[in-house]
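The model shown is predicted, which means the values in this text are computed figures rather than measured ones. Chain naming here is simple, since letters A, B, ... match the order of the sequence lines and numbering starts at 1 in each.
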Amino acid sequence: MKSTVIVFPGSNCDRDVAVALEKMQFKNQMVWHKETKLPKSDLIVVPGGFSYGDYLRSGAIAGKSLIIDEVIKVANSGCLVLGICNGFQILTETGLLKGTLLRNKNLKFINKDIHIKVLNNKSKFTHKYKKEQILKINIAHNEGNFFTDTHHLEELEKENLIAFKYCDEKGDINEQSNPNGSLNNIAGIFNSNKNILGMMPHPERMIDDLISNKDGVNLFSSLLN
Amino acid sequence: MKITSQIIEKHGLKLEEFANIKKLLNREPNLLELGIFSAMWNEHCSYKSSRIHLKNLPTKGKQVIQGPGENAGVIDIGDNDAIVFKIESHNHPSYIEPYQGAATGVGGILRDVFTMGARPIALLNSIHFGSPEHFKTKSLLNGVVSGIGGYGNCIGIPTVAGETKFNETYNENILVNAMAVGHAKKSKIFYSKAKGLNKSVVYVGSKTGRDGIHGASMASAEFDENSEEKKPTVQVGDPFTEKLLMEACLELMKDNSIISIQDMGAAGLTSSSVEMASKGELGIELELDKVPCREENMTPYEMMLSESQERMLIILEDGKEKDARKIFEKWDLDFVIIGKTTNSNNLTLKYNNKIEGEIPIEALASKAPIYDRKWIKKKKPKKSEINLKDLKKVKIEEALIKILSSPNHSNKSWLTNQYDQSVMCDTVLKSGSDAAIIRIHNKDKAIAVSVDSSANYCKSHPITGGKQIVCENWRNLITVGAKPLAITNCLNFGNPENQEIMGEFAECLLGIKEACEFLNYPVVSGNVSFYNGTNKKNIFPTPVIGGVGLIKKLSNPLNHIFKRENSLLILIGKTFGHLEQSCFLKENFSISEGMPPEINLLNEKNNGESLLKLIDENLILSSHDVSNGGLITALSEMSISSNYGAKILKPKKLTNLFKYFFGEDQARYIIEINSNNLPKVEKVLKESDVYYENIGFTQKKYFEIEGELKISTKDLFKINNEWYNNF
Amino acid sequence: MKFSVTVTLKKDVLDPQGKVVQNTLINMGLSDLKSIRQGKHFEIEVDEKDETTAKKKVDVMCKKLLVNLIIEDYKISKI
Amino acid sequence: MKFSVTVTLKKDVLDPQGKVVQNTLINMGLSDLKSIRQGKHFEIEVDEKDETTAKKKVDVMCKKLLVNLIIEDYKISKI
Ligand SMILES: Nc1ncnc2c1ncn2[C@@H]1O[C@H](COP(=O)(O)OP(=O)(O)O)[C@@H](O)[C@H]1O
Ligand SMILES: [Mg+2]
């Protein structure tokens, strides 16, 4: 499997996700945002961080960079695209994913390990997880408060396009287990084709027991076959 | 323009100093030159009041690659790996504008570290606020914390450890000290010393604006009613640009184009160019019209004194300009050759081809004033007036709850959850324990880092206080299994022109020196911040120690959290029951007189090294040092974040329960061990002649002292986590 | 020619920031506050003398970058 | 009574956001852009009929919370 990580000025989880991909045996390449061509690959990752300092709106400026036109092209032709954290924000700014990410409801940056539930394990990104599996995973963001219009929200729920929801240790999805105010506790969504996944939590931080746990491993291994 | 005494005073210079300047120049300086002298000769850059004391600190050791004198200290951790680190204060700016002040503090210290060729891998901070009830405290705390997070999170370097304290002594003068730690190849460290004639001096990074003009002088003057007027000099941090600057510099450092590199920190272009030239014993000529400016009509004076952030000065090898420029252009940063090195030994400033200022480098550097300020010894403090009968008026349980729920002891996750602690994916142990552990990327070794201070101890007896902070810092590294290697220090004090304050400074340094020498724990970098206080009210002396230790093999990282049921608890070190200066007396009786606990360096070293031996032999499940709040507080902390509590047996040779449980005697640790390992553990401790006691064992759910108290660990957690909920 | 652009969240979009600010102000005793909404403000200068053309250019900037049309409204005025 | 408040960075204070936005717009081909500075905008409604008193109340909100007087200027106008 070949993967490509897009690097924007201000990306800072680009190395982290590259390390994870390589550890999972992807053949990975980094591509600078000023490039106009993408190498042929099976997976494109838009990494986390603070592209352009999150100035204006997080993801807005990266959403206008040269390489993004290419990302949109290949995404529309079915290539797998994974946006993590700032990557998720960028994907919503490009329109590849609908909705947007507002400021956390407590107006503070939040970094901690939280729990999410796998709602849909019938996708190329999640099939190695069990349905309703609870993962412990790290979040680190200022704007993770997912918002969209009622129509889209209904579609997400009905078409099973919600990948993950925030929950508690036991799997309960409620206001207490919602760290940032996200609509319906949404932590990650697919596009209608399910070849694009945007998620706020950081799976690349969960691949090593010494550092955290290995709850992110299956996301990468799902993508391998 | 005629230089009047008013102008001189405005520049923070004394008339004698001005006379001295005239002598060095053989003439009157013009305004530009005066500004440059004021920047270089102020406390912040010249260390004029502290230098003769700093000289005495131990700075050498097998582990030291670069001691004080460069942008940051460098130590050797084997296998061609080096650790680069330093701490710096940003107290005054943070009081005026907490968010930007703290943010630019973080930005500044990061530049000191990546200037030397290191990729920053961890950030720490030591922040001190006034009383929690003071009307400014809440907003200052909020601002500082979001500023620290705002900068570190954006640039993508984990903020992993620190300390947060409240004390009314900081009501009008908070402390914000930031420490950065980086990793470099030992064979690729970059220094600021210029070499060679006619080499290009290159300006890279952000454009120069009118920010913080005279910031360095502000950091060196006491606050007064007029300090509000100094507000417009606050700088705004731009972590995004700093990220670009960092990546660009690290990219350029991959080959051999750089002769010398220096960040523009306090006193910006002035101090960076003078420092490079002075270390290289060269002159430097700058063409100021070439300086990239953000605002129109900036004068040479403004350009030389601006403290705009995110800028660097580089001296390049011949012929490397083109490739270097390409790198900076790729990162959308300015890259302009603004001058060259010369053999004139002068700082020569040209503007539109006219010489606007010319000063001998040595007048600014080696000939800057040095003061041997008068100081007086601290008298031994009064004994505290508490008798054993009064102690009995409180219950152990109440006293414990008071400590655990106090602002100073409350759980800090409210803060630390606002910092990205995990980015870079090498944080093995986050904040909350005695020290943080950061893995060296791609290797199975790690460093441990911690910052510590004890203003109350230092106030009551500076020498002991100085020793204590070094020892506490050393202990904090040991409890997570690291061999302490070296420290950086940030010395936050009041007005040095006051003999008592200068005495506190001198004596704290004596204490630091003695402890560092004994523990082979040299000082490799640091920073001094004087004039902390308002209108003659000086802050408590607050030296802060930042330590780095090495974990050679990262198989089984340790922390302070109880691991299982029925393991044995051993207290290493002797308990005398020293209550003076303790949290117990402060929180329960509002008594703050008396001596801090005595430091016995011999025991300190022996106990610490013996514990490291036990850790190396894999005999320890968890460990924690005993410090503020005494044994009982340390034990509760081990229970709070765990599923297990403890049952502590009543000590046999007990004189007084309060003294035993709340005393703050030093050089003590609590360890949790598997009971099967007791013989092995005892053997090591006995062989090294370490005093120890078996104090109890871990159990499920409850924290208990036989016959005295029993609290569920859940309740302890709640008690400890309530205070910050108001924020 | 100079323009000011104000960008506000659409009515039906949750404004967490505005809400917190409102609560804070009320807690501070400023109880007459009925509502507060927070948005962005830009001051834009374009090199163009004709007002209609200039305004059009600013409008393009808004549509292309400054405004997230899914959640935000905007207003341009000459200053 | 309703007011709009615009909050802008003081002259000479670095505007990192404005700088990045400006570069981006120019890179996107909107080269007539001479300058752009970013600020905040509030829409505030207060329960008070007298304009002077109402405005004073808004002013208090600005001074106490909404504006960082050290680096920002502000302007209140009735809408
Ligand atoms: N308390 C101290 N102990 C040891 N070294 C110190 C201390 N204070 C300052 N130094 C050293 O003096 C040098 C100059 O410090 P400073 O002016 O703060 O550096 P910078 O110019 O990089 O900000 C540095 O090498 C620093 O490590
Ligand atoms: Mg420096």
*Asks:* For residues 64-79 of chain D, which residue pairs pass the salt bridge (charged side-chain N to carboxylate O under 4.0 Å, His left out) check, not counting sequence neighbours?
*Replies:*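 Listed by first then second residue: D:Lys40-D:Glu72.
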*Asks:* I want to check something: taking the side chain as every heavy atom from C-beta on, are D:Leu14 and B:Ser308 in contact at a cut-off of under 4.5 Å?
*Replies:*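 No, side chains not in contact.
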*Asks:* What is the distance from atom CG of D:Asn68 to atom CD of B:Gln100, rounded to the nearest 0.5 Å?
*Replies:*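 The CG atom of D:Asn68 sits 8.0 Å away from the CD atom of B:Gln100.
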*Asks:* For B:Tyr170, enumerate each residue passing the ring pair (Phe, Tyr, Trp, His ring centres under 6.0 Å) test, keeping only those at least two apart in sequence or located in another chain.
*Replies:*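 Ring pair (Phe, Tyr, Trp, His ring centres under 6.0 Å) list for B:Tyr170, sorted by chain: B:His128.
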*Asks:* Looking only at heavy atoms, which two atoms of D:Pro16 and B:Gly237 are closest? And how far apart?
*Replies:*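 Answer, listing the atom of D:Pro16 first, then B:Gly237: CG-O, 4.0 Å.
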*Asks:* Between B:Ser206 and chain D, with a heavy-atom cut-off of 4.5 Å, which part of the residue counts as in contact: side chain, backbone, both or neither?
*Replies:*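 Contact with chain D is through the side chain of B:Ser206 alone.
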*Asks:* Using salt bridge (charged side-chain N to carboxylate O under 4.0 Å, His left out) as the criterion, list what pairs up with B:Lys330, not counting sequence neighbours.
*Replies:*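 B:Glu251.
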*Asks:* Please examine the side chains of B:Asp332 and D:Asn23, heavy atoms only from C-beta on, and report whether any two atoms are closer than 4.5 Å.
*Replies:*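 With C-beta onward as the side chain, the pair stays apart.
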*Asks:* Taking C-beta and beyond as the side chain, do D:Lys19 and B:Thr241 meet within less than 4.5 Å on heavy atoms?
*Replies:*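 Yes - at least one pair of side-chain heavy atoms lies under 4.5 Å apart.
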*Asks:* What distance do D:Ile70 atom CD1 and B:Tyr99 atom OH have between them, rounded to the nearest 0.5 Å?
*Replies:*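 It is 14.5 Å, given to the nearest 0.5 Å.
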*Asks:* Rounded to the nearest 0.5 Å, what separates atom CZ in B:Arg210 from atom NZ in D:Lys10?
*Replies:*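 If I round to the nearest 0.5 Å, the distance is 15.0 Å.
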*Asks:* Salt bridge or not between D:Asp12 and B:Arg294? Use side-chain N to carboxylate O under 4.0 Å.
*Replies:*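 Salt bridge between D:Asp12 and B:Arg294, a charged N being under 4.0 Å from a carboxylate O: no.
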*Asks:* Which residues in residues 29-37 of chain D have a heavy atom less than 4.5 Å from any heavy atom of chain B?
*Replies:*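 So far as heavy atoms go, nothing in residues 29-37 of chain D approaches chain B to under 4.5 Å.
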